[in-house]
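Below: the structure, in structure tokens.
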Amino acid sequence: MADHARSAPYGTWPSPVTPADVVRGGVLVEWVGFLGADPCWTEVLPEDGGRNALMRRGPDGAVVQVLPPGWDVRSGVIEYGGRPWTAVSDRAEHGVVFSHRGDQRLYRWSPGREPVPLSPVPPPGTQLRYCDFTVRGNKVWTLRETVLNEAGTEAERHLVALPLDGGAAEDPKAVRELAAGHAFLTGPRLSPDGRRVCWLGWDHPNMPWDGTELMTADIGPDGTLGEPLRLLGGDREAVVQADWAADGSDRLYAVADPGGWWNVHELGPDGAVRALHPAEEEFGEAPWRIGLRWLLPLRDGTLATVHGTGRRRLGLLGPDGGLTDLDLPYTEWSSVATDGRRIAAVVAGPEHRRTVVLVDPAHGTAEVVRAPLRAHEEYASRPVVRTFQGPDSPVHAYVHPPYHPEFEGPAGELPPYLVFVHGGPNSRSQPVRNQEISYFTSRGIGVVDVQYGGSSGFGRAYRERLRGRWGQVDVRDCATVVRALVAEGLADPARIAIRGGSAGGWTAILSALAEPELYRAAGLYFPVLDPVTWRAGGTHDFESRYADALIGPWPQQRAAYEERSPVRLADGLDVPVVLFQGELDTICPPAQAERLVERLVRAGIPHTYLLFPGERHGFRRRDTVVRCLEAELELYGRALGFAPA
């Protein structure tokens, strides 16, 4: 705070951080890889309707789009998507294979040419989606998802191989089905000698962080697979990644949690399993998308690993189990990739916005490949990692105090606070520099980002605190954190609001219902609102049995479903609500939002409902994000008693 800071009521500080800045500063960058020697990644373009462009940093340092204009590199597999592109080889002139969002077909692009389709047109009434590719010889091996109805509630998945020459585009019989065996699959990983393949599979009602199986099969001379064999995993053990060694050996590595934490295991040729570095920390994440990696085998026999609890570090794990962390300033590493020697990744930290870097592990250095937009950095609030004691467990949270370099609150006044509730619910958020959070904190509104019971990143036991108690543990943990901030004299108890998206929206509205004396407003983004209908037939296939673990099996626990349904409880709301919904959302369909709005209208509860055409689950368009933030700030100002500047 500058010595000449002026006093002004919290919430009224004039901030230069606009909703448009949030859009520019929060651009989604992911799915890093290599094209020849050059790092590449996908990047959402909000100004272009949320299209995903494949970007490349060339030898001259310039960042350019790889594909011709209009191509949208994004897969719709399990709705949340999967790895949508890969290089055909280590030679850039061979191009890339990618999934195009517009028709979900598989394409190949080579420099100087237009992309050509590799996959056939789907049969009428179905969709064919592809992700998580491996190119070997003249074939691309991939996961194929066949969606059997428009709502996405029925689907099948197979591992398949397609010819790289495009023969399957006109002849569907040229697609070779390789394996199935589970309701859900990851893409295939081929051994360096081409003789074996491995993949992960799981079935309803499990989610991939509950229980998965690591499968392997021999590859015959004609490319067919032998009988699949289960190597690891089961109903209460989740394998979240598997990859072969890159040094020419036949070792297989897996990230699995038999001890309650996702640790790295080595699987020998004789089937023996050895934990390389047993530790009470995570070397993997909840795999919400297909093809994510946290473990990278390098050509020298070491393993690059992303690990930690809550925050993350990049380390090098040796065959003897020794772990050495690289001394780099980032605390979050995601979408990591390697060319066998170098590591490319999306990184962030409390003082770093999300960006792409290229790491040389031999020297422990990181080069910025894609510089983040640095707008109004001096207005960013630095997150503080906290742990609060709840009734039955510690509760983790990230506190972002209100901050402005030129203003402070009046003596004796406490700031309003906004509770962020992440989605999932078995997911997590990150304590990093975040322009969306700065939008609020630079105006004098504190933010606390609660990692409630059920959040990933803190081991299976913490994640399973939510099992059977969704809508209870999460609600109680949010209240625990808020009351602790109030008790410490950091937050005004009369000026607390709560907001969340998807499962976070569920927790936000249930919190407003359960704690009417604590919360004064609720912001809801495409929320889960009725678990009775948000199950088989009411949401997409991937999450159609999710509530079995979160609430209980249906119909045995029907009473619990009804008792925790925000739609059915909405008459009891005593706070204003703003609700944002995507018209094309198949995960949390608009029908749920409309039912809630009907109840709010009948009960006379103040609310704003905005339905956005063309948007799905998770908003990507510039105008949508701007409108939502403007509506949120307007609501919080009215409800918490301040007039935003």
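A quick note: this is a predicted structure, and the numbers were derived from the prediction, not measured. The first residue of the sequence shown is numbered 1, and numbering continues consecutively from there.
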Discussion item. Taking the basic N atoms (NZ, or NE/NH1/NH2) and the acidic carboxylate oxygens, is any pair closer than 4.0 Å for Glu79 and Arg129?
Written reply: yes
Worksheet item: Going by atom types alone, do His94 and Ser110 pair a side-chain donor with an acceptor below 3.5 Å?
Response: no
Discussion item. Could you check, using the six-membered ring where one of them is a Trp, whether Phe612 and Phe619 have ring centers closer than 6.0 angstrom?
Written reply: yes
Worksheet item: When you look at Asp21 and Tyr439, which way does the side chain to side chain donor-acceptor pair (under 3.5 Å) test go after all the steps?
Response: CA-CA 9 Å; Asp21 291 326; Tyr439 175 74; over 6 Å; no
Discussion item. If only side-chain N and O atoms count, and only distance matters, is there a donor-acceptor pair under 3.5 Å linking Glu281 with Thr309?
Written reply: no
Practice prompt. Start with the C-alpha distance between Ser429 and Tyr398, add both sets of side-chain angles, then the distance that settles side chain to side chain contact (heavy atoms under 4.5 Å, CB included), and finish with yes or no.
Written response: CA-CA 9 Å; Ser429 45; Tyr398 312 138; 4.3 Å; yes
Worksheet item: Parallel, tilted or perpendicular: which fits the ring planes of His307 and Phe283, with parallel below 30° and perpendicular above 60°?
Response: parallel
Practice prompt. Taking side-chain contact (heavy atoms from CB on, under 4.5 Å) as the test, write out the residues that go with Pro383, two or more places apart.
Written response: Pro350, His400, Pro431
Practice prompt. Please determine if Arg616 and Glu583 form a salt bridge, counting it only when a charged side-chain N lies under 4.0 Å from a carboxylate O.
Written response: no
Fill in: Pairing of Arg51 and Asp72 as salt bridge, 4.0 angstrom limit
no
Fill in: Exam field: side chain Glu282 to backbone Gly459, donor-acceptor pair closer than 3.5 Å
yes
Discussion item. The criterion is ring-ring contact (aromatic ring centres under 6.0 Å, His included); which residues satisfy it with Trp262, sequence neighbours excluded?
Written reply: none
Item to complete: Decide whether His422 and Ser455 meet the rule of one side-chain donor and one side-chain acceptor closer than 3.5 Å.
Response: yes
Practice prompt. In plain terms, say whether Glu47 and Arg622 are close enough for a salt bridge, that is, a side-chain N and a carboxylate O under 4.0 Å apart.
Written response: yes
